[in-house]
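Letters A, B, ... mirror the listed sequences (proteins, then strands); counts begin at 1. Remember, it's a predicted structure, so these values are computed and weren't measured experimentally.
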Protein chains: 2
Amino acid sequence: MGATVAAACSGTVLWASDGRSEATCRRATEAGLTDAGDIESVVTAADVVISVCPPHGAVEMAERVAGTGFAGCYVDANAVSPSTARKIASRFDSFVDGGLIGPPARRPGTTRLYLSGADAGRVAARFEGSVLEPRVLDGGGPGTASALKMAYASWTKGTSALLAAVAALAAAEGVADDLLTEWDLSLPGVADRLAGTAGEVAPKAWRWTGEMDEIAATFAEAGLPDGFHRAAGEVYRRLRAFKNSPETTVEEMLEALLR
Amino acid sequence: MGATVAAACSGTVLWASDGRSEATCRRATEAGLTDAGDIESVVTAADVVISVCPPHGAVEMAERVAGTGFAGCYVDANAVSPSTARKIASRFDSFVDGGLIGPPARRPGTTRLYLSGADAGRVAARFEGSVLEPRVLDGGGPGTASALKMAYASWTKGTSALLAAVAALAAAEGVADDLLTEWDLSLPGVADRLAGTAGEVAPKAWRWTGEMDEIAATFAEAGLPDGFHRAAGEVYRRLRAFKNSPETTVEEMLEALLR
């Protein structure tokens with residue numbers, strides 16, 4: 001996702017190759033980014049910094065940037081809870097909250113960058129006319145764009161985890177085929193979604209565990225039950241060994257869940 | 001559901017009016033049932049007893065019937081965990097496990113009665129040709145039909161509870177309209193499902209809390225996270241005041257969830 005956000009941003013876009021993998025370097029080159037070396041050099045030269053990383057790294061990244069004395073606009077576009085976003089905001093004079101919804105932005109109409117906070121319009125302007133559609137949440141402050149991202153992902157990633165767990169339960173109880181037959185009759189589409197889950201979801205599970213923790217915290221802070229996403233986090237934790245294994249089968253996924 | 005199961009059963013079908021509401025009596029009369037007075041009289045005269053009740057009452061009902069010395073075939077067709085089904089089975093010489101999937105059986109093709117256990121074929125024969133389709137799970141024992149019901153309901157009722165909680169979260173965070181707009185773009189159908197949830201789900205919530213407890217126990221016994229359905233149980237608990245209130249609006253439902 002990060003490389004496509006960078007590619008969609010107008011003006012000179014810097015990145016830091018220091019310590020990154022060959023695959024990441026290739027994606028940055030393909031996105032037309034300028035390598036500034038390390039993060040400190042990026043921050044020194046930039047007037048806006050956009051953080052796009054797995055949610056469990058969002059606070060650490062913000063602290064690293066704040067530690068350089070960065071005086072520009074910091075955008076956290078990660079899948080974090082509103083309170084985590086506000087915690088990050090407190091480290092910067094200028095902060096914009098962001099939430100990315102959709103797949104990596106490779107063609108128009110698929111992916112939106114929601115933005116909230118006083119400087120949201122200025123950040124949005126950098127993406128106008130690109131494949132990534134910026135949307136400013138009127139009247140929202142730090143936490144608003146994150147809240148929308150949390151609510152959206154709580155449904156998509158919560159239901160994917162639940163579906164995987166339901167299939168594992170049916171397998172454990174010896175009724176997997178009967179469940180598929182009943183789904184075909186009364187819930188067409190669910191069996192197909194399960195078939196797609198292993199290949200599409202399991203390889204990303206390693207970076208969704210932190211997101212489920214952020215979502216669970218968001219529910220708890222709103223006085224709502226956090227169990228859905230505590231459980232979803234556990235499902236994704238059991239699947240983390242499938243990192244970048246797009247060939248994962250349903251059978252392999254269920255075996256990992258029933259370890 | 002109970003009245004439609006009784007109406008679909010061939011032969012003389014007895015029921016007990018003792019202590020039941022006027023509405024229940026009307027449904028029994030419409031279903032063509034014969035009133036035997038109290039449960040003890042039903043049990044004395046019957047060769048098969050079928051229990052269809054809210055899951056939190058299933059064990060008590062089975063114990064009441066077993067306490068009469070009933071020597072016929074006891075069918076538990078309730079939404080209970082496999083281990084609850086096996087606990088009930090241990091009280092009877094002849095036991096058939098049942099799981100009902102679908103709405104109350106008023107027309108053909110909508111509703112199935114899954115059956116497992118040695119005498120399942122004999123029970124299935126009583127429903128052949130009726131609007132309720134009996135399906136014997138080959139090779140299954142006490143617990144198999146219940147496992148299928150748990151797996152099926154864990155998806156349908158788990159996702160309904162999650163959807164209600166997601167909507168409540170968005171409302172609490174002031175992003176409800178933005179979430180609906182994003183759903184309309186990228187997940188058509190979800191907003192419509194939410195609109196239907198209040199009217200269809202909230203009135204039944206009072207009897208789904210026990211079912212969520214049974215499902216959570218089923219997940220835990222299979223070594224899977226039980227948090228999805230512990231949370232779903234809490235959602236339905238907060239909605240129990242809407243018992244038999246079909247006019248419940250989304251706003252009323254969300255207010256109850258955010259009490």
Side-chain angles (χ1 to χ4, degrees), chain A residues 82 101-102 109-110 112 114 135 137 139-140 143-148 150-152 154-156 158-159 161-163 165-170 172-176 178-179 182-183 185-187 190 215-216 218-219 221-235 238 257-259, chain B residues 82 101-102 109-110 112 114 135 137 139-140 143-148 150-152 154-156 158-159 161-163 165-170 172-176 178-179 182-183 185-187 190 215-216 218-219 221-235 238 257-259:
Chain A
I101 294 184
T110 64
R112 287 154 292 284
Y114 286 93
R135 292 198 170 192
L137 293 166
T144 304
S146 288
L148 179 58
M150 293 287 93
Y152 186 85
S154 68
W155 176 252
T156 53
T159 51
L162 175 54
L163 184 56
V166 169
L169 179 71
E173 295 286 350
V175 294
D178 302 302
L179 182 62
E182 175 58 42
W183 275 348
L185 267 176
S186 56
L187 292 176
V190 176
I215 292 175
T218 308
F219 273 73
E221 283 157 15
L224 291 163
D226 63 359
F228 295 107
H229 299 94
R230 297 283 171 217
E234 173 61 20
V235 164
R238 293 186 191 184
L257 289 175
L258 295 169
R259 48 172 190 187
Chain B
I101 294 184
T110 65
R112 287 155 291 284
Y114 286 93
R135 291 198 171 193
L137 293 165
T144 304
S146 288
L148 179 59
M150 293 287 93
Y152 186 85
S154 69
W155 176 251
T156 53
T159 51
L162 175 54
L163 183 57
V166 168
L169 179 72
E173 295 286 350
V175 294
D178 302 303
L179 182 62
E182 174 58 42
W183 275 346
L185 267 176
S186 56
L187 291 176
V190 176
I215 292 174
T218 308
F219 273 74
E221 283 157 15
L224 291 161
D226 63 358
F228 294 107
H229 300 93
R230 297 283 171 216
E234 174 61 20
V235 165
R238 293 186 192 185
L257 289 176
L258 295 168
R259 51 173 188 188

Exercise. Looking at side-chain heavy atoms only, is the closest gap between A/Phe228 and B/Val235 below 4.5 Å?
Worked result: yes
Exercise. Is A/Val166 close to B/Tyr152 at the side-chain level, that is, under 4.5 Å between some pair of heavy atoms?
Worked result: no
For this session: Check whether B/Ile215 gets within reach of chain A through its side chain, its backbone, both or neither, counting any heavy atom under 4.5 Å.
Result: neither
Exercise. Measuring from B/Arg112:CZ to A/Leu185:CG, what's the distance to the nearest 0.5 Å?
Worked result: 4.5 Å
For this session: Let me know if B/Ala168 has heavy atoms under 4.5 Å from chain A in its side chain, its backbone, both or neither.
Result: both
Seminar exercise, completed: Counting heavy-atom pairs under 4.5 Å with chain B, the top scorer among A/Gly143, A/Gly102, A/Ala161 is A/Ala161
Exercise. Hey, which of A/Ser186, A/Gly139, A/Ala172 has the most heavy atom pairs under 4.5 Å with chain B?
Worked result: A/Ser186
Exercise. If we only count heavy atoms from C-beta on, is the B/Trp155 to A/Leu187 side-chain gap below 4.5 Å?
Worked result: yes
Problem set entry | Best-contacting candidate, A/Glu221, A/Glu182, A/Glu234, against chain B by heavy atom pairs under 4.5 angstrom | A/Glu182
For this session: Measure B/Ala145 against the heavy atoms of chain A and call it side chain, backbone, both or neither at under 4.5 Å.
Result: neither
Problem set entry | Nearest heavy-atom neighbours spanning B/Ala151 and A/Leu169 | CA-CD2, 4.1 Å
Exercise. Which one, B/Thr144, B/Thr218, B/Leu163, B/Leu258, leads in non-hydrogen pairs under 4.5 Å with chain A?
Worked result: B/Leu163
Exercise. If you measure from CG on B/Asp178 to CG on A/Leu137, what distance do you get to the nearest 0.5 Å?
Worked result: 5.0 Å
Problem set entry | Heavy-atom pairs under 4.5 Å with chain A, option from B/Arg230, B/Met150, B/Glu173 with the top count | B/Glu173
Exercise. Heavy-atom distance under 4.5 Å between the side chains of A/Leu224 and B/Arg238, does that happen here?
Worked result: yes
For this session: Could you tell me whether the side chain of A/His229 reaches within less than 4.5 Å of the side chain of B/Leu162, counting heavy atoms only?
Result: yes
Exercise. Chain A heavy atoms under 4.5 Å from B/Ala167: which part of the residue, side chain, backbone, both or neither?
Worked result: neither
